[in-house]
Amino acid sequence: MAGLWWVLFWISVVVVAVVTAFLVAAARRRRAGLDREEDIDTRPVPWGDRFVVLAGVVVPGGILAGTFVVSLGVLDDLADPPAEAALEVEVVGHNWWWEVRYPNGAVTANEIRIPVGETVELALPTADVIHSFWVPELQVKKDHIPGSDNRLWVVAERAGRFRGQCAEFCGLQHAHMEFQVEALPRAEFEDWLEREAEPATEPATGRTREGSELFAASSCAGCHAIRGTSADGDLGPDLTHLASRETIGAGLIPLTTGNLADFIANPQDDKPGVSMPPTELTPREVEAVAAYLMELE
Ligand code: CUA
């Protein structure tokens, strides 16, 4: 991809330089004739018609055809993974967040972890409309299309974080459909994956126990799952290990107890149009629920 980018860059440099040179030459030619009418240079441009055909049709056509052939080669190189996939991760597009499912039962949202240096195959279904999975530092874009088994492979060559963004307009909050891919060394990745598959921790205090009971009894549990509890909704993000995540609303705001309580109270303030309705809980109850969720590391 970088090679193709540089080819296009240098072609652009040459085209801009040539066009600028012609503009400057044309401006000079006109200026020279401005003083006296009879001095205006009306001589025909040297091989005028042939020049228009050459510079306006042949050269651009050749450049477009050439870069098309080069990009077909790049697409072909990107189509097949360099090695057999060590891991398959399912990333489901939703309006407007990403559900991330691992083969061992771990489910998370908006934060994808992968082992560094290994080929990872991504299955990219959608729960609703067309989304587009795009991590510019790792791979080209690939659409999530209803009814289509679209797949993409990635290899993170270094440990670290790579920002991702939905790249297909999918509704009001398309711009707030961010995610991140974090590449971890194999051992660290496996530890994380094992923890992520575990059920949620029990509430630690009386107040967070109250929060967990409110969560289970309210509309929260109709849409969200907390594995190990009676909450098993599948419309919104799995919250089993919510507190280990960094943001709320797919990269929208940092995950803090205060932000979480505000978001639960009325998600429409932070993310207008999102499916989650304002809560029926009182402010005090919302705080208990937020305190409980922040224990779910
Ligand atoms: Cu999903 Cu744009």
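Quick note: numbers below take in every heavy atom, side chains included, and nothing from hydrogens, waters or symmetry partners. Order of appearance sets the numbers: ligands from 1, and atoms from 1 within every ligand.
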For R161, the option from E178, E182, E137 that meets salt bridge (charged side-chain N to carboxylate O under 4.0 Å, His left out): E182
CD/E246: more than 12 non-hydrogen atoms of other groups inside 6.0 Å: yes
Sequence neighbours excluded, every pair satisfying ring-ring contact (aromatic ring centres under 6.0 Å, His included) that has a member inside residues 171-211: W98-F179, Y102-W192, F133-F179, F169-H174
Let me check something: any side-chain donor-acceptor pairs from residues 214-229 under 3.5 Å, sequence neighbours excluded? List them with distances.
unit_1, atom_1, unit_2, atom_2, d
S218, OG, L214, O, 3.0
S218, OG, F215, O, 3.3
S218, OG, C220, N, 3.3
S219, OG, E280, OE1, 3.0
H224, ND1, P237, O, 2.7
R227, NE, D238, OD2, 3.2
R227, NE, T240, OG1, 3.3
R227, NH1, E196, O, 3.1
R227, NH1, A197, O, 3.4
R227, NH2, V107, O, 3.1
R227, NH2, E196, O, 3.4
T229, OG1, I226, O, 2.7
T229, OG1, A231, N, 3.1

Stepwise salt bridge (Lys or Arg N to Asp or Glu O under 4.0 Å) test for D149 and R151: CA-CA 6 Å; D149 180 30; R151 281 161 189 271; 3.2 Å; yes
Under 2.8 Å from atom 2 (Cu) of ligand 1 - protein N/O/S, by chain and number: C166 SG, E168 O, C170 SG, H174 ND1
Donor-acceptor pairs under 3.5 angstrom involving side-chain atoms of residues 287-297: please list them, not counting sequence neighbours.
unit_1, atom_1, unit_2, atom_2, d
E295, OE1, A204, N, 3.0
E295, OE1, T208, OG1, 3.3
E295, OE2, T208, OG1, 3.0

